[in-house]
Amino acid sequence: MAGHFPFSGHSSRVSMFFFYERHKLGPALQERYYKWWYDWAKTMVTKDPGLKAAKGHEFSRFPYGQHAHADFHLRQGLWATALTDLGEFIKGNLLPRLDQDALHKLEANHHAMLETLKATAAQQPRQAPPEIGWFRHS
């Protein structure tokens, strides 16, 4: 019951970065994608008394996670790094709590949201990558 999300399997900030690249999402749309997941996770946490007591404080600031404001070696990779932390929390703590119907509903909502972002991205093309590329060591 993993779902079809960028963090469902083995994920890292690199795989998240390439998820955004594959869908041609620039930084503003990456933030919108991340915020969708953040809001969903925060709602799930606040509705569960145990999770709220244990993890609620971690949703008191945006974005979520210990690496939330780090770009590491990624250029324009802040939202990839943030989604890695949030995605691991969702994958390990929230998705297993969903029954099949709830998971299918989440997948449908995710698909619709991603299609909307992709349509927006087509109208607002992302800046072309530099000659060396966005993902590089400095």
Side-chain angles (χ1 to χ4, degrees):
M1 188 162 49
H4 296 82
F5 312 119
F7 47 78
S8 295
H10 175 72
S11 59
S12 67
R13 65 183 186 266
V14 175
S15 62
M16 297 302 177
F17 182 81
F18 287 114
F19 169 81
Y20 288 140
E21 285 293 301
R22 182 175 64 244
H23 295 295
K24 298 179 177 20
L25 303 180
L29 295 177
Q30 292 173 25
E31 182 178 2
R32 282 179 50 192
Y33 181 84
Y34 175 86
K35 180 80 165 84
W36 187 87
W37 278 113
Y38 176 88
D39 291 342
W40 179 84
K42 185 174 182 177
T43 299
M44 291 287 292
V45 167
T46 57
K47 287 182 178 180
D48 182 282
L51 280 175
K52 185 176 181 180
K55 295 290 190 177
H57 68 281
E58 294 180 14
F59 286 90
S60 63
R61 65 186 202 289
F62 178 85
Y64 170 91
Q66 65 179 349
H67 301 107
H69 299 286
D71 221 5
F72 292 99
H73 299 297
L74 297 174
R75 302 301 173 254
Q76 296 191 16
L78 170 68
W79 298 111
T81 303
L83 187 58
T84 302
D85 285 348
L86 181 61
E88 286 299 313
F89 174 74
I90 291 170
K91 179 173 67 173
N93 296 286
L94 302 180
L95 293 182
R97 296 169 182 266
L98 301 179
D99 63 21
Q100 284 296 103
D101 291 338
L103 182 59
H104 289 306
K105 182 179 178 186
L106 178 62
E107 288 173 332
N109 291 341
H110 174 259
H111 178 74
M113 177 269 305
L114 186 56
E115 289 302 313
T116 299
L117 291 179
K118 286 166 49 175
T120 303
Q123 296 172 5
Q124 303 169 358
R126 183 176 183 173
Q127 175 187 355
E131 188 175 316
I132 297 175
W134 295 118
F135 178 68
R136 66 182 184 272
H137 289 271
S138 53

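Note that the coordinates shown come from a computational prediction; the quantities given were computed from them, not determined experimentally.
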Checklist line | Flag side-chain contact, heavy atom, 4.5 Å: T81 against F17 | finding: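 Answer no - side chains too far apart.
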Notebook entry, point to check: Quick one: are K105 and L98 in side-chain contact, heavy atoms under 4.5 Å?
Noted result: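 They are not in contact (no side-chain heavy atoms under 4.5 Å apart), so the answer is no.
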Next item on the list: Among W40, F62, Y20, find the residue that satisfies the ring pair (Phe, Tyr, Trp, His ring centres under 6.0 Å) test when tested with Y34.
Entry: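 In the set W40, F62, Y20, the residue that makes a ring pair (Phe, Tyr, Trp, His ring centres under 6.0 Å) with Y34 is F62.
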Notebook entry, point to check: Is the backbone of A112 close enough, under 3.5 Å, to the side chain of T116 for a donor and an acceptor to pair up by distance?
Noted result: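 Here the side-chain-to-backbone pair exists.
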Give, for atom [atom1] of [X] and atom [atom2] of [Y], the distance between the pair rounded to the nearest 0.5 Å.
X	Y	atom1	atom2	value
L94	L106	CG	CG	10.0 Å
K42	S60	NZ	OG	7.5 Å
I90	E88	CD1	CD	10.0 Å

Check: Will you find, in the side chains of E107 and H110, an N or O donor that is under 3.5 Å from an N or O acceptor?
Finding: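 No, no side-chain donor-acceptor pair sits under 3.5 Å.
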Compare every heavy atom of [Y] with every heavy atom of [X], then report the nearest pair and how far apart it is.
X	Y	value
L51	V45	O-CG1, 3.7 Å
P27	W79	O-CD1, 3.6 Å
P96	K91	CD-O, 3.3 Å
A121	H23	CB-O, 4.2 Å
L25	K118	CD2-N, 4.4 Å
A41	L86	CB-CD1, 4.1 Å

Margin query: The test is side chain to side chain contact (heavy atoms under 4.5 Å, CB included); show your working for L95 and F5 and say whether it passes.
Written below: CA-CA 11 Å; L95 293 182; F5 312 119; 4.0 Å; yes
Margin query: Walk me through whether Y38 and Y33 qualify under side chain to side chain contact (heavy atoms under 4.5 Å, CB included).
Written below: CA-CA 9 Å; Y38 176 88; Y33 181 84; over 6 Å; no
Margin query: Test of understanding: with side chain to side chain donor-acceptor pair (under 3.5 Å), list the residues that count as partners of N93, not counting sequence neighbours.
Written below: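 None.
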Item checked: Residues which pass side chain to side chain contact (heavy atoms under 4.5 Å, CB included) with H111, listed by chain and number, not counting sequence neighbours ->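 Result, side chain to side chain contact (heavy atoms under 4.5 Å, CB included) vs H111: E115.
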Next item on the list: Name all pairs fulfilling the salt bridge (Lys or Arg N to Asp or Glu O under 4.0 Å) condition that reach into residues 22-35, sequence neighbours left out, sorted by first residue then second.
Entry: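 For residues 22-35: K35-D39.
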Item checked: Full working for side chain to side chain contact (heavy atoms under 4.5 Å, CB included) between L83 and Q30 -> CA-CA 9 Å; L83 187 58; Q30 292 173 25; over 6 Å; no
Margin query: So that I know where these two stand, are F89 and F7 an aromatic pair - ring centroids less than 6.0 Å apart?
Written below: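 For F89 and F7, the ring centres are not under 6.0 Å apart.
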Item checked: Validation row, ring centre W37 to ring centre F19 under 6.0 Å ->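 Centroid distance W37-F19: not below 6.0 Å, so no.
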Next item on the list: Give the C-alpha distance, both sets of side-chain angles, the deciding distance and a yes or no for side chain to side chain contact (heavy atoms under 4.5 Å, CB included) between W36 and L117.
Entry: CA-CA 11 Å; W36 187 87; L117 291 179; over 6 Å; no
